[in-house]
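Start at 1 and go down the list; that is how both ligands and their atoms are numbered. The model shown is predicted, which means the values in this text are computed figures rather than measured ones.
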Amino acid sequence: MNRFELTIILISVAITLFFSAVIAAAGSLIYGAFWGWFGITFAFQIIGFTIWNSYLLQKDNAIAQQNEVEELRALSNISIKLSCAYCNRPNDIPIQLNRKNTFKCDYCSQVNGVFMQFTSTTLTTPIDSIKLPINETEAL
Ligand SMILES: [Zn+2]
């Protein structure tokens with residue numbers, strides 16, 4: 001816990017105590033003792049803060065989970081064209097990188113497996129694009 005957090009906590013406690021004292025002072029004028037009102041007001045505030053905090057935490061968790069679902073959905077939106085292994089006709093199929101992929105051919109209804117292979121390459125820059133000034137490149 002750093003100095004900033006400690007200051008915030010101390011200020012929160014001070015406000016809670018002050019608010020409890022104000023309610024207790026007002027309440028004890030009408031009925032009962034100051035400390036009775038003080039204790040009840042203080043307890044209600046603590047309960048209120050606890051409920052509010054757990055609500056905020058759950059809201060944050062829900063947002064985080066929603067983001068995760070959307071990321072997974074974005075991954076599943078990758079679509080490629082593959083030829084059927086049985087009839088060799090092209091099919092558009094959605095691909096998910098995080099699971100085993102299969103697809104049913106639109107033409108012959110056979111179920112195909114998908115084998116994914118990735119290859120690394122060196123990055124090359126065409127020499128012409130470096131030599132030409134920008135406006136000359138646009139004219140081409
Ligand atoms: Zn097929």
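Note on residues 99-123: pairs passing side chain to side chain donor-acceptor pair (under 3.5 Å), not counting sequence neighbours, are Gln96-Arg99. Among pairs with a residue in residues 83-93, none fulfils side chain to side chain donor-acceptor pair (under 3.5 Å), at least two apart in sequence or across chains. Sorted by first and then second residue, the side chain to side chain donor-acceptor pair (under 3.5 Å) pairs involving residues 7-27 (not counting sequence neighbours) are Ser20-Gln45.
Each protein N/O/S atom under 2.8 Å from the Zn ion (ligand 1) was counted, for a total of 4.
Residue Ser28 comes nearest to Ala33 through the heavy atom pair CB-C, 3.9 Å, listed as atom of the first residue, atom of the second, then distance.
The aromatic rings of Phe38 and Trp35 sit perpendicular, their planes meeting at an angle over 60°, well past the 30° parallel limit.
Gln58 places no side-chain N or O within 3.5 Å of a backbone atom of Tyr55 that could act as its donor or acceptor partner.
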